[in-house]
Amino acid sequence: MTVLAITSQKGGVGKTTVSVNLAYSLARRGWNTLLVDTDPQGSVGLSLSEKARKCKGLYDAVNSGASVEGMILGTRLPELKILTSGKPHGYFEAVQPGIDGVAAMRRVVDELRGRKQFDVVLIDTPAGLQGITGDVLRMADAVLIPQQAEPLGMRSIPQVLHAIQSLRAGGSALEVAGILMTMVQNEQRESTDVIRELRALLPARLLLDTLIPRDPVFIKASAVGVPVGLLYQQPPAVAHSFDQLAAELEPRLRLERARPNEHEHTKLMD
Ligand SMILES: Nc1ncnc2c1ncn2[C@@H]1O[C@H](COP(=O)(O)OP(=O)(O)OP(=O)(O)O)[C@@H](O)[C@H]1O
Ligand SMILES: [Mg+2]
């Protein structure tokens, strides 16, 4: 099981959009995927369903020490499950005197590993690198860093990379799965210039080839609570960006099936 955190220093760069749509693409590609929301505002639940919003979730498990069993929600894809954030009350108050945030998160992740149910766990985090995001990064295997393709956005990249380096120096095995350019506007010179500059500046492997375009379909999809691939009968072209992202990340994340079945082919006909 690979634990992938989706994290950025800046807010509003598309973390939740990437988490929901990447989780959907990975599940469509056959990976048993769990999408975990750690945003106290519960943004995955908000963008997904009424039922998901009301459910117990991660913070309830963390605060009470309870198992996440019974909190994991199914979706219309058997390979995609969701653990919402639940009620955050108490986490931030409790974290200083009582609960050790890292230990509490580790217990939940260890429980998920022990279940051997998931190939990949995607954790959508709130903006910034402190608090719950720091706790998640301390036990994640890899981090995906969405980055808005605009000049001001670039400034946060060194900060994020530096923070990851410090975690690694402190013994964490966290790997950078990649920096993902989001809200790319091909017709806007400033947007494409940023990507060109970053390609020249950063080590080649760091910046992912996949680019997520800016498209009104994302706002539509989050308003009705679905991944873009489910918005219409025919998935819009941008849905393909997330299939491409999933394919690009699979080898980087060294995904392994919990139950290998590589000798089993899907039959075209019975
Ligand atoms: N590629 C895109 N094209 C157009 N709009 C987008 C795109 N990605 C995200 N958005 C929209 O931008 C807004 C912010 O996106 P999102 O909530 O995914 O960001 P975030 O990084 O999770 O924000 P926060 O830091 O507040 O958690 C949302 O309204 C979303 O629908
Ligand atoms: Mg978000």
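When a ligand or atom number is given, it counts from 1 through the structure's own listing order.
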- Message: Run R113 and D141 through salt bridge (Lys or Arg N to Asp or Glu O under 4.0 Å) and show every step you take.
- Response: CA-CA 12 Å; R113 280 193 206 281; D141 301 303; 3.5 Å; yes

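Side-chain contact between Y24 and T75 is absent, with no heavy atoms from C-beta onward closer than 4.5 Å. A heavy-atom distance below 4.5 Å is not found between the side chains of N32 and K81. Here the side chains of M71 and D60 are in contact, with some heavy-atom distance below 4.5 Å. Considering only heavy atoms from C-beta on, L26 stays 4.5 Å or farther from L80 through its side chain. In this structure, the side chains of R76 and L230 come closer than 4.5 Å at one or more pairs of heavy atoms. Side-chain contact check for V109 versus V121: every heavy-atom pair is 4.5 Å or farther apart.
The shortest contact between atom 25 (O) of ligand 1 and any protein heavy atom is with K15 NZ, 2.8 Å. Atom 19 (O) of ligand 1 has as its closest protein heavy atom G14 N, 3.0 Å. Shortest contact from atom 10 (N) of ligand 1 to any protein heavy atom: M183 CE, 3.8 Å. With respect to atom 2 (C) of ligand 1, the closest heavy atom belonging to the protein is F218 CD1, 3.4 Å. The nearest protein atom to atom 24 (P) of ligand 1, hydrogens excluded, is given as G12 N, 3.5 Å; this is a heavy-atom distance.
Near I219, with a cut-off below 4.0 Å to any heavy atom, the atoms of ligand 1 are 5 (N), 31 (O). Listed by atom number, the atoms of ligand 1 under 4.0 Å from G11 heavy atoms are 25 (O). For ligand 1, the atoms closer than 4.0 angstrom to any heavy atom of D39 are 27 (O). Residue-ligand proximity, S222 to ligand 1, at heavy-atom distances under 4.0 Å covers atoms 31 (O).
On a distance-only criterion, V13 and ligand 1 share at least one N/O pair closer than 3.5 Å. Considering backbone and side-chain N/O of V18, none are found under 3.5 Å from N/O of ligand 1. Between T125 and ligand 1, a contact under 3.5 Å exists for no N or O pair. Between T16 and ligand 1, a contact under 3.5 Å exists for at least one N or O pair. By the 3.5 Å distance cut-off applied to N or O atoms, P216 is not counted among the residues near ligand 1. Residue D215 places at least one N or O, backbone or side chain, under 3.5 Å from an N or O of ligand 1. When only interatomic distances are considered, the shortest N/O to N/O separation between A127 and ligand 1 does not fall below 3.5 Å.
Remark: the T33 side chain and the E79 side chain contain no N/O donor-acceptor pair separated by less than 3.5 Å. Using a 3.5 Å distance cut-off with no hydrogens or angles, the side chains of T7 and T125 do pair a donor with an acceptor.
Between R196 and D193, at least one side-chain nitrogen of the basic residue sits less than 4.0 Å from a carboxylate oxygen of the acidic one, meeting the salt-bridge criterion. Look at R115 and E69 and you find a salt bridge, because one of the NZ, NE, NH1 or NH2 atoms lies within 4.0 Å of a carboxylate O, short of that distance. Taking 4.0 Å as the cut-off between side-chain N and carboxylate O, E175 and R254 count as a salt-bridged pair.
Ligand 1 is approached by P213 to a heavy-atom distance shorter than 4.0 Å. Contact between P126 and ligand 1 is absent, with no heavy atom of the residue lying under 4.0 Å from the ligand.
Partner of V3 under the side chain to side chain contact (heavy atoms under 4.5 Å, CB included) criterion, chosen from I123, V36, V120, L253: I123.
For residue T16, an N/O/S atom approaches the Mg ion (ligand 2) to within less than 2.8 Å.
Shown here, atom 28 (C) of ligand 1 is out of close reach of the protein: none of its heavy atoms lies under 4.0 Å off. The nearest protein heavy atom to atom 13 (C) of ligand 1 is not closer than 4.0 Å.
Looking at N21, T17, V20 and measuring to atom 9 (C) of ligand 1, the nearest heavy atom belongs to T17.
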